[in-house]
Amino acid sequence: MPELPEVETVCRGLRSHVLGKRIARYHQFREDLRWPLPFGIKDKVEGSIIEELNRRGKFLLFKLSSDYIFIMHLGMSGRILVTELSRKENESKHPNEMGSFFKIKSTEPHDHVVIDFCDQTRITYNDPRRFGAIDIVDLDMINQHKWLSKLGPEPLGNSFSPEVLQLSLKNKRSCIKTALIDQSILSGLGNIYVCEALWAARISPFRPCYKIDGLEFQYLTESVIKVLKKAIQAGGSSLRDFKKVGGGLGYFQNCFNVYSKDGCKCKRERCNSRIQREIQSGRSTFFCPKCQL
DNA sequence: CGTACGACCTGCCCGC
DNA sequence: TGCGGGCAGGTCGTAC
């Protein structure tokens, strides 16, 4: 589901709800999401304060006062919900996995992890498809973590430039779309924003990387940055189940030029072609066959 | 090594 | 109304 703009939207929205707060309870309703939830996580998070919340690629990083980083990935369908527990809800007691009792409200389907803060705020991780993931790692090992260590540059960070992109792609035989979706080349792009950025840069998703020239890498870099910034401003894209923290919808889906627009007229001025959909390495690619070359 | 593809899950939407 | 097939924002392991 969420690509960089959606994760950034969640990250920004969550900060005001969690920063500086102490975690009273960690509870999980199953042993695994995409992978097993880490052993001992409960003891590492309970009692600690969330000091920072940041995003790296599509990962959310919660820095805890216990000197751990709590890492979360939303997969395709993951969501974080915030609830303020009323006194009434707080009084209902349910058994936890240890056989003792503490306060857990009845949950929605696919609520997998619940974190309660001392001030009665609760965040709930909900993920129907369970492609998401959670881990916890020592603060000083964060850069060695297998999910993070191979990530390419942040597209909205200082280490991203046309030159950097060209350097990592100039010898690749694969198509530019496949390369841009590869998190080790650039972190945070997914199917939507790659399609949108390639349309904006007028580059065909099927073009082999090594055939792209310096000027095009410049257009492409600018397009990626522009599309992502615009999407973040719009609060991300709400397709199916993406909702911002607090339940609001993003509205970047109203700004799509190609994604899911097959059969529609190309929005570029004086281009009268229609957007096509094709399967590219197993996933839908949307593009204009006339103005993307 | 780089690249391509199936697998992992559930839900929804469409056509018959 | 019901069911089967195709589709979905991601990533990894495997096979070339």
Side-chain angles (χ1 to χ4, degrees), chain A residues 1-11 29-37 55-60 71-80 107-112 125-135 145-152 155 168-198 205-210 224 227-228 231-232 234-244 249-263 277-286:
Chain A
M1 153 192 108
E3 304 179 32
L4 187 152
E6 289 74 38
V7 180
E8 180 65 24
T9 298
V10 169
C11 185
F29 294 94
R30 50 181 305 130
E31 295 302 308
D32 58 273
L33 296 171
R34 170 152 197 182
W35 294 289
L37 289 159
R55 179 192 57 73
R56 176 78 176 92
K58 299 171 189 170
F59 293 90
L60 289 169
I71 311 173
M72 178 181 277
H73 193 290
L74 300 175
M76 291 277 263
S77 57
R79 280 162 60 177
I80 298 175
T107 56
E108 301 293 315
H110 312 300
D111 282 355
H112 304 309
Y125 178 81
N126 178 287
D127 184 5
R129 295 177 73 181
R130 302 202 305 275
F131 285 174
I134 286 174
D135 202 3
H145 194 280
K146 62 180 173 199
W147 295 345
L148 307 174
S149 60
K150 287 172 200 149
L151 287 179
S168 57
L169 296 184
K170 63 180 181 186
N171 292 324
K172 280 185 95 70
R173 319 274 318 160
S174 63
C175 298
I176 183 64
K177 192 226 173 179
T178 312
L180 289 178
I181 222 165
D182 179 342
Q183 301 297 292
S184 69
I185 303 288
L186 200 56
S187 58
L189 292 185
N191 210 23
I192 293 178
Y193 298 102
V194 167
C195 290
E196 293 296 323
L198 286 169
F206 303 100
R207 186 106 70 86
C209 295
Y210 69 89
V224 165
V227 166
L228 292 177
I232 291 170
S237 306
S238 289
L239 298 182
R240 299 176 188 79
D241 44 16
F242 175 72
K243 284 190 191 143
K244 296 194 278 184
L249 299 175
Y251 51 90
F252 189 74
Q253 67 279 6
N254 303 323
C255 303
F256 289 167
N257 287 305
V258 284
Y259 186 80
S260 79
K261 295 293 185 183
D262 44 325
R277 170 179 172 269
E278 268 186 45
I279 302 299
Q280 194 173 13
S281 53
R283 319 192 58 187
S284 288
T285 291
F286 300 89

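Given the structure is predicted, the values throughout are model-derived calculations rather than measurements. Values below: all heavy atoms of this structure, side chains included; hydrogens, waters and symmetry mates excluded. Within every chain, numbering begins at 1; the chains are lettered A, B, ... in the order of the sequence lines, protein sequences first and strands thereafter.
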- Task: Have a look at A/Gly282 and say if it touches a base, only the backbone sugar-phosphate, or nothing, with a 4.0 Å heavy-atom cut-off.
- Result: nothing

- Item | Involving DNA chain C, stems made of at least three consecutive Watson-Crick or G-U pairs, both distances under 3.5 Å |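 Stems found: B:2-8 with C:10-16, B:10-16 with C:2-8.
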
- Item | Min side-chain heavy-atom separation A/Glu196-A/Val258 under 4.5 Å |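 Sidechains of A/Val258 and A/Glu196: in contact.
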
- Task: Evaluate the side-chain proximity of A/Val10 to A/Val7: yes if any heavy-atom separation is below 4.5 Å, no if none is.
- Result: no

- Query: Only one of A/Glu3, A/Glu6, A/Glu8 forms a salt bridge (charged side-chain N to carboxylate O under 4.0 Å, His left out) with A/Arg55, so which one is it?
  - Reply: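 Exactly one pass, corresponding to A/Glu8.
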
Can you measure [X] atom [atom1] to [N] atom [atom2] for me and round it to whole angstrom units?
X	N	atom1	atom2	answer
A/Ile279	B/dA4	CD1	P	15 Å
A/Arg56	C/dT11	CZ	C1'	16 Å
A/Tyr259	C/dC7	OH	P	12 Å
A/Ile192	C/dA8	CD1	P	11 Å
A/Asp127	B/dC8	CG	P	17 Å
A/Leu33	B/dT10	CG	P	12 Å
A/Leu74	C/dT11	CG	C1'	14 Å
A/Asp262	C/dC7	CG	C1'	12 Å

- Could you check which residues of residues 173-189 of chain A get a heavy atom under 4.0 Å from DNA chain B? Sort them by number, please. A/Arg173, A/Ser174

- Name all residues meeting the salt bridge (charged side-chain N to carboxylate O under 4.0 Å, His left out) criterion together with A/Asp32; count only those two or more places apart in sequence or in a different chain, and write none if there are none.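 A/Asp32: salt bridge (charged side-chain N to carboxylate O under 4.0 Å, His left out) contacts with A/Arg30.
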
- Message: Please enumerate all residues that pass salt bridge (charged side-chain N to carboxylate O under 4.0 Å, His left out) together with A/Arg277, with sequence neighbours excluded.
- Response: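 For A/Arg277 there are no salt bridge (charged side-chain N to carboxylate O under 4.0 Å, His left out) partners, ignoring immediate neighbours.
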
Under 4.0 Å from OP1 or OP2 of [N]: is there any side-chain N or O of [X] that close?
X	N	answer
A/Ser281	B/dT3	no
A/His110	B/dC9	no
A/Arg283	C/dC7	no
A/Arg130	B/dC8	no

Distances under 3.5 Å between nitrogen or oxygen atoms of protein and nucleotides 12-16 of chain C:
unit_1	atom_1	unit_2	atom_2	d
C/dC12	O4'	A/Arg34	NH2	3.3

- Task: Measure across A/Ser187 and A/Gly152 and return the closest heavy-atom pair with its distance rounded to 0.1 Å.
- Result: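 Closest pair (atom of A/Ser187, atom of A/Gly152, distance): OG-O, 3.1 Å.
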
- Query: Okay, side chain of A/Asp127, backbone of A/His112: is any donor-acceptor separation there less than 3.5 Å?
  - Reply: no

- Message: Tell me whether A/Ser238 contacts the main-chain N or O of A/Tyr251 through its side chain, where contact means a donor paired with an acceptor under 3.5 Å.
- Response: no

- Query: Can you tell which of C/dT11, C/dC7, B/dC9 lies closest to the side chain of A/Ser284?
  - Reply: C/dC7

- May I ask you to check whether A/Phe252 and A/Tyr193 place their ring centres under 6.0 Å from each other?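 Centroid distance A/Tyr193-A/Phe252: below 6.0 Å, so yes.
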
- Message: What verdict does the side chain to side chain contact (heavy atoms under 4.5 Å, CB included) test give for A/Leu228 and A/Leu189, after you've listed the backbone C-alpha separation in whole Å, the side-chain angles of each residue and the deciding distance to 0.1 Å?
- Response: CA-CA 9 Å; A/Leu228 292 177; A/Leu189 292 185; 3.8 Å; yes

- Message: Apply side chain to side chain contact (heavy atoms under 4.5 Å, CB included) to residues A/Ile134 and A/Met72 and explain how you reach the verdict.
- Response: CA-CA 5 Å; A/Ile134 286 174; A/Met72 178 181 277; 3.8 Å; yes

- Are A/Phe131 and B/dC8 stacked, counting the six-membered base ring, centres under 5.5 Å, planes under 30°? yes

- Message: Can you list everything that forms a side-chain hydrogen bond (donor to acceptor under 3.5 Å, both in side chains) with A/Ser149? Sequence neighbours excluded, please.
- Response: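 Partners of A/Ser149 by the side-chain hydrogen bond (donor to acceptor under 3.5 Å, both in side chains) criterion come out as none, since no residue qualifies.
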
